[in-house]
2 protein chains.
Amino acid sequence: MTESAQAASRQEQKGRTRQAILAAALELAQHQGFAQISLRQVARAAGIVPTAFYRHFESMDELGLALVEQSFSTLRRMIREAQRDPKVFDNIIDAAADVLVEAVKQSKAHFAFVARERVGGSEAVRRAIRHELDLFVSELAVVLARLPNIESWATEDVQMVSRLFVRNMVSNAEEVVEMPDGRPDLEESIKEGARRQMRLIVVGFRDWRS
Amino acid sequence: MTESAQAASRQEQKGRTRQAILAAALELAQHQGFAQISLRQVARAAGIVPTAFYRHFESMDELGLALVEQSFSTLRRMIREAQRDPKVFDNIIDAAADVLVEAVKQSKAHFAFVARERVGGSEAVRRAIRHELDLFVSELAVVLARLPNIESWATEDVQMVSRLFVRNMVSNAEEVVEMPDGRPDLEESIKEGARRQMRLIVVGFRDWRS
DNA sequence: ACTTTGAGTGTACGCACGTTCACTGAGTTT
DNA sequence: AAACTCAGTGAACGTGCGTACACTCAAAGT
């Protein structure tokens, strides 16, 4: 029994502390980069004693990998929700630009973490992010392949366009993340830039191939 | 007098030590990221005692800024040399892809430094890199504006294409930097990817505007 | 010949770090 | 009710860090 009834206060508490550690690390990493925050800083911010950290993660590196996982699962949930919206079929480009900027604004910390640690982090964290992004390129390719204009393209061309889209997504996410707080007017210009770039890719690709 | 004759052994030696510090920091930063190397590590690798470091730089941050400067002056020299080559007028895209890959291979450490610290470094270093890249976009725009196909474009369109080129340059440089050592076959595929992307930008832009 | 300059030295300091260990005490199992 | 489990505690350790300070001793300036 034990595991159905009223959901166990013991592991529930453990889960809450784990989340506190993740949240604390994410917050600290925003200001200084994950690689330069210490185990003790994280513990302090999470409200536990340094040694208690080891009850949840073997090392800071493992914490980093958990943050990568969390970040991408957030991103995937957003993409899945966005796909239900019928307007992606009419105008995938405008929809993508909107979703991107909204998503980044909503989970700024996760995007900032990925953007930074993708190149700046430890070997293990970098590899994990690269792997997730590769997966993401393939997933996006599947979505793209279903679109009216694209369904006739060769598989490898779709893959390449997907790669370009993801690369641009990363760049634009970086821009939104670095956007000064008091300047929401920049948001629309980033969006417009993203739209232009995506249109460029699609139009250029079609015409170049013809 | 004093400053012309046989070039002063005193400041000459100081310059040599300064270069040793820069080289040591660049080397160390390749493996762990500049933000996580210590003043003492740099001093050790440069063959001086920690306190002697202060004769050359006020802090690690100042060292970082010096490395940014050094990296971009390397890059600028390469671009200037490449511009003398007449083939850039016939086929700027192929030329650019060649120059990029060659340049990165030749000064891998500097490019790796910029790619990493652009997002992962300290606030000051990040700002300096961003500023240099902005300058670079403007400089490239001037070069582009002189090209046959482009000379009729509006200034702001040239600027935007330049921005796209630089962004792609950064991405491709990252790829070359991360390229595993034993796989020179990947080089050509990165080059081909870069060529395609640039063609895409140029073709897409022209057709979209028509 | 002298003084001055300044790059590099060596010691010493206080501090934050990661990790160890034996512990406590509430929640869970028997 | 007794036994067990285990998330969180608190003291202690060795280490590497940035920086201060007083120093040396050739090269440069007079």
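Proteins get letters first, then strands, A, B, ... in listed order; numbering begins at 1 in each.
- The phosphate of C:dC17 has OP1 or OP2 within less than 4.0 Å of a side-chain N or O from A:R44.
- As a whole-Å value, the separation of A:K14 NZ from C:dT28 P is 14 Å.
- Regarding B:L28, its CG atom lies at a distance of 11 Å from the P atom of D:dC17, rounded to whole Å.
- Nearest to the side chain of A:Q41, among C:dA26, C:dC17, C:dG10, sits C:dC17.
- Spacing between atom CE of A:M60 and atom P of C:dG18 amounts to 7 Å, rounded to whole angstrom units.
- Taking all atoms of both residues into account, the shortest heavy-atom contact from A:R18 to A:F57 is NH1-CE2, 3.5 Å.
- In this structure, the nucleotide among D:dG8, C:dG6, C:dG18 sitting nearest to the side chain of B:R10 is C:dG6.
- Between D:dG8 and A:R18, no contact under 4.0 Å exists linking OP1 or OP2 to a side-chain N or O.
- If you measure from atom CD1 of B:I37 to atom P of D:dG18, you get 10 Å, rounded to the nearest angstrom.
- Using a 4.0 Å cut-off between a side-chain N of Lys or Arg and a carboxylate O of Asp or Glu, A:R127 and B:E178 do not qualify as a salt bridge.
- Comparing D:dG8, C:dG27, D:dT19 by their nearest atom to the side chain of A:T17 picks out D:dG8.
- Of the candidate nucleotides D:dG8, C:dT9, C:dG18, C:dG18 has the atom nearest to the side chain of A:R40.
- Judged by distance alone with a 3.5 Å cut-off, a donor-acceptor contact links the side chain of A:T51 to the base of D:dG10.
- Side chains of B:Q13 and B:R16: a donor on one and an acceptor on the other come within 3.5 Å.
- A close approach under 4.0 Å does not occur between any side-chain nitrogen or oxygen of A:S38 and OP1 or OP2 of C:dA16.
- Counting only heavy atoms from C-beta outward, the side chains of A:L100 and A:V176 never approach each other to under 4.5 Å.
- Of the candidates C:dG8, D:dA7, C:dT19, D:dA7 carries the atom nearest the A:H56 side chain, counting heavy atoms from C-beta on.
- A donor-acceptor contact under 3.5 Å links the side chain of B:R55 to the base of C:dG8.
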